[in-house]
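Written below as structure tokens is the structure these notes are about.
Predicted, not measured: the structure shown is a model, and the values here were computed from it. Hydrogens, waters and symmetry mates play no part in the numbers below; they use all other heavy atoms, side chains included. Indexing begins at 1, ligand by ligand and atom by atom, following the structure's order.
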Amino acid sequence: MNTVIKNISSASYLACANCGKTYNIQQRQTFATCCNQPLFTYYNISNYSKEELIQQPKNLWRYAAMLPLFYQDNIVSLEEGFTPMHILHKTQLKYAVNKMYVKDEGTNPTGSFKARGLSVAISKAKELGITHCIIPTAGNAGGAMSAYCTKAGLKATVVMPKLSAQLIKDEVQLYGGELIEVNGFIQDCGKIVQKIAADTGAFDMSTMKEPYRLEGKKTLGYEIAEQLNWQLPDVIVYPTGGGTGLIGMWKAFEELKNLKWLISNKKPKMVIVQIKNCNPMIQMIKNGKKDADFKPSYSIANGLVVPTPFAEKSILEVITESNGTGIDVSESDITQSIQEMARTEGLLLSPEGAAAFAGFKKLVEKKWIEEHESVCIINTGSWFKYH
Ligand SMILES: Cc1ncc(COP(=O)(O)O)c(C=O)c1O
Ligand SMILES: [Zn+2]
């Protein structure tokens, strides 16, 4: 790896996503207890030129100046990020859109985009002297956390639904993580995590309940911009569970605007795709509240089975601010979309990525996505992890 990494960090303070109350970035923080909302990291940078990126490593740490780590020695990296951006010539023709891209996160270490968030969060945990991390997960985040904890020399405890893919459970244990299986969904795992964390002092890495997984995920937005020569697509379609990638990309676009790195300041319309078996955010977008009889059920896209996202409010803000929307898809839409992408473009999507592709097709059909628009769908993981 090329280790130039200049400008290690311009991170300045943390602030509540709701009221803006500031929190000290030099200390361990979780979420904004003032409003029970996530904490966002703010940077103080004036003279950072994108030309400096040329010499930086081809992984997400190339954006270290806009990441929260203060000391280069604390970086825990398995070469995450800088994933391929495929242009899909046949698909863009078939669905009559201007440009169609897939950002392929399946090539990340541990086979999903969770590596981004956990590389940054575990690096920061190391920097803050944390020795034991615990996480509730649908699967992939647990695999990623175990790998990065091992690399960093920290203890990992992973609490996962029994119904998650066996391969991901095996992965956690192979990396030396402690695995606890739960009869239920991610929110049931979350309750167990809170109890173990209170009993043992383990640091809770739950989605959006600590500030730095978001910072890792935002690099997805930096890369999309850089790989498209600083011209953002018109639409981004993201398969949403807890929403970290969505909120992270939106944060990245705001930062890029402030850095004056974008050719045009027009930001993409952000689309969230959920599954019919667990679609709380789609219900919120449609009706302003969740259905009274909402009951989640299992999906092959198990990363999307998140019935109560902690960052619900921030997810809805991104949709509103970006003039975006949300759509849900069925299990058969997902399997059909995996086959279609494999046969037309030679790409295997994870079920979650295939959900995004299925959502895209529905929005083209509804004419919500139009012919002149460029679209990027996020394939958040590798198909090979689900078998
Ligand atoms: C492959 C995959 N895609 C999407 C998601 C949803 O990500 P987020 O919770 O950040 O919205 C997950 C989460 O587990 C996942 O593993
Ligand atoms: Zn607050």
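The backbone N or O of Ser330 lies less than 3.5 Å from a partner atom in the side chain of Asp333, making a donor-acceptor pair. A donor-acceptor pair is defined here as one N or O able to donate and one able to accept, closer than 3.5 Å; such a pair exists between the side chain of Glu331 and the backbone of Ile300.
Checking Thr325, Ile319, Ile236 one by one against Val271, the side-chain contact (heavy atoms from CB on, under 4.5 Å) holds for a single residue, Thr325.
You'll find the ring centres of Tyr23 and Tyr13 outside the 6.0 Å limit.
The distance from the CD atom of Gln72 to the OG atom of Ser9 is 12.0 Å, given to the nearest 0.5 Å. The structure places CD1 of Ile122 at 13.0 Å from CD of Glu127, a figure rounded to the nearest 0.5 Å.
Here the protein contributes Cys16 SG, Cys19 SG, Cys34 SG, Cys35 SG as N, O or S atoms under 2.8 Å from the Zn ion (ligand 2).
Within the 4.5 Å cutoff, side-chain heavy atoms of Asn279 are placed close to those of Phe294.
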Just do the side-chain contact (heavy atoms from CB on, under 4.5 Å) check on Met284 and Ile315 with the steps written out, would you?
CA-CA 10 Å; Met284 296 283 290; Ile315 295 173; over 6 Å; no

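Every protein residue with a heavy atom nearer than 4.0 Å to ligand 1 is included here: Phe113, Lys114, Asn140, Lys217, Tyr238, Pro239, Thr240, Gly241, Gly242, Gly243, Thr244, Gly245, Gly303, Leu304, Glu352, Thr380, Tyr386.
A salt bridge is absent between Glu80 and Lys114: the closest approach of a Lys/Arg side-chain nitrogen to an acidic carboxylate oxygen does not fall below 4.0 angstrom.
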